[in-house]
Amino acid sequence: MKMSKSTLPIKIGAVVALCLLFGIVYLLNPAFFGELWDVCLSGDMHRVAEYINSFGAWAMVFSFFLVLCVNAIGFPPAMIFSSANALIFGIVPGILLAWIAETVGVALSFVLLRFLFRDAAEDVISKHKSLQKIDELSGSQGFKVMLIARIIPYLPSGLLNALGAVSKMSFRDFTIAALIGKLPSTAIEAMIGHDAVTASENPYRLVFSLVLAIVMVVGFIIYERRQKKQKC
C-alpha cells in the first residue's frame with residue numbers, strides 16, 4: 001500500500017510541527033539540548049539526578065516529560081532517568097513516575113511511527129509472503145508477544161515501539177501491553193540503578209534485583225527458542 005496523496009501533506013505537517021517544537025525549546029533555552037546531551041552521555045547517575053533536581057519545584061514535572069520524550073524517541077536508554085527518579089523522589093514514587101511517563105511515551109511513539117511509516121511497511125510486507133505471515137501473527141498474537149517483551153528489563157524500548165507500530169497490532173493492545181509489562185521492568189531497572197550507587201544501604205536488594213533481571217532475560221530467550229521450534 002503506497003502513501004496516498006491525501007495523507008502526505010498531513011505527515012509532512014506532523015514532521016514540521018515536531019521540528020518547530022524542538023526549535024521553540026531551543027529558542028527559549030539554546031543551551032538546553034547541549035546540557036541534556038552532556039548529562040546523558042556522562043553516565044553519572046548523581047549528575048543526572050542533580051540536573052533534574054536543578055529545576056526545583058518543577059523537577060517532577062520536568063522529569064515526567066523528559067522520560068516521556070526519551071521513550072517516544074527511543075534514545076537514550078530510559079533506565080538512566082528511572083534510576084535518577086528513584087534517587088530523587090524515593091524508590092516507590094520514582095518508579096511510579098517513570099512507569100506512567102514511559103507508558104505515555106511509548107504510546108505516543110506508536111501513534112507517530114504508525115502514522116508516518118505503516119504505509120511504507122505495508123508496501124514492503126505485501127511483496128514478501130514470509131513477512132505477510134509475520135504481520136498476520138502480530139495482529140492475532142501481538143499482545144502476548146509485546147507483553148512478554150515489555151516485562152523483560154533492558155530490552156530496547158525504541159525497537160519494540162517500531163516493531164509494534166509497523167505491525168497489525170492495535171493501539172489498545174500495544175498500550176495495555178506496555179502499561180502492564182513496563183511496571184516490573186521499570187521497577188527492576190530503577191532499583192538496580194538506584195542500588196548500584198547506594199550499594200552500602202541495601203546490598204542484598206541489589207543482588208536480588210540483578211538475579212531477577214538475569215532470570216527474566218534467560219526465561220525470555222528460552223521462550224523465544226521454544227516458539228521458533230513450534231513454528232518450524
Side-chain angles (χ1 to χ4, degrees), residues 14-29 32-41 45 47-117 146-147 149-151 153-165 169 171-191 193-194:
V15 174
V16 171
L18 287 174
C19 292
L20 284 174
L21 177 61
F22 284 108
I24 292 171
V25 174
Y26 177 79
L27 290 175
L28 292 174
N29 185 357
F32 174 75
F33 292 114
E35 292 175 352
L36 182 60
W37 183 255
D38 288 340
V39 169
C40 292
L41 289 184
M45 201 65 63
R47 186 179 174 187
V48 174
E50 288 174 3
Y51 180 70
I52 294 175
N53 247 341
S54 68
F55 287 82
W58 292 94
M60 186 171 286
V61 175
F62 172 73
S63 182
F64 179 89
F65 283 101
L66 182 60
V67 174
L68 185 156
C69 291
V70 164
N71 276 270
I73 297 171
F75 181 83
M79 62 183 178
I80 299 173
F81 306 101
S82 57
S83 300
N85 283 333
L87 285 173
I88 300 168
F89 309 114
I91 291 180
V92 174
I95 288 173
L96 291 176
L97 174 66
W99 170 50
I100 297 172
E102 287 187 24
T103 302
V104 175
V106 299
L108 178 61
S109 177
F110 178 92
V111 172
L112 291 174
L113 290 173
R114 171 156 291 186
F115 179 66
L116 293 173
F117 300 114
M146 185 60 65
L147 176 61
R150 288 296 185 190
I151 290 174
Y154 304 113
L155 281 186
S157 183
L159 176 60
L160 296 178
N161 296 346
L163 291 175
M169 188 184 308
F171 174 74
R172 185 194 65 179
D173 286 351
F174 179 87
T175 304
I176 294 176
L179 180 67
I180 298 172
K182 270 195 162 293
L183 180 56
S185 62
T186 299
I188 292 173
E189 291 173 4
M191 285 191 295
H194 174 277

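Throughout, residue positions are numbered sequentially from 1 according to the sequence presented.
For the pair Phe174/Val106, a side-chain contact is recorded, criterion being any heavy-atom separation below 4.5 Å from C-beta on. Considering only heavy atoms from C-beta on, Leu68 comes within 4.5 Å of Leu108 through its side chain. Counting only heavy atoms from C-beta outward, the side chains of Met79 and Pro153 never approach each other to under 4.5 Å. Taking 4.5 Å as the limit, every side-chain heavy atom of Phe65 sits out of range of all side-chain heavy atoms of Trp58. Two residues are said to be in side-chain contact when any heavy atoms from C-beta on lie closer than 4.5 Å; Arg150 and Ile180 fail this criterion. Here the side chains of Met146 and Asp173 are not in contact, with every heavy-atom distance at 4.5 Å or above. A 4.5 Å side-chain heavy-atom check between Phe64 and Ile100 finds at least one atom pair inside the cut-off.
Side-chain atoms of Trp99 come within 3.5 Å of backbone atoms of Leu179 as a donor-acceptor pair (strictly under, hydrogens ignored).
Using a 30° and 60° split on the angle between ring planes, Phe110 and Phe171 fall in the tilted class, from 30° to 60°.
One distance of note links CZ of Phe81 with SG of Cys69; it measures 10.0 Å at 0.5 Å rounding. In this structure, CD1 in Ile88 is found 12.0 Å from OH in Tyr51, a value given to the nearest 0.5 Å. Rounding to the nearest 0.5 Å places CD of Glu102 at 4.5 Å from CG of Asn71. Distance CG/Leu147 to NZ/Lys182: 12.5 Å, rounded to 0.5 Å.
When every heavy atom of Ala98 is checked against every heavy atom of Val67, the shortest pair comes out as O-CG1, 4.0 Å. In terms of heavy-atom proximity, Ala84 sits nearest to Ile52 at CB-CD1, 4.2 Å. Ile95 approaches Ala190 most closely through the heavy-atom pair CG1-CB, 3.8 Å.
Judged by distance alone, the side chains of Glu189 and Ser82 never bring a donor and an acceptor atom under 3.5 Å apart.
Among residues two or more places apart in sequence or in another chain, the side-chain hydrogen bond (donor to acceptor under 3.5 Å, both in side chains) test is passed with Ser63 by Asn85.
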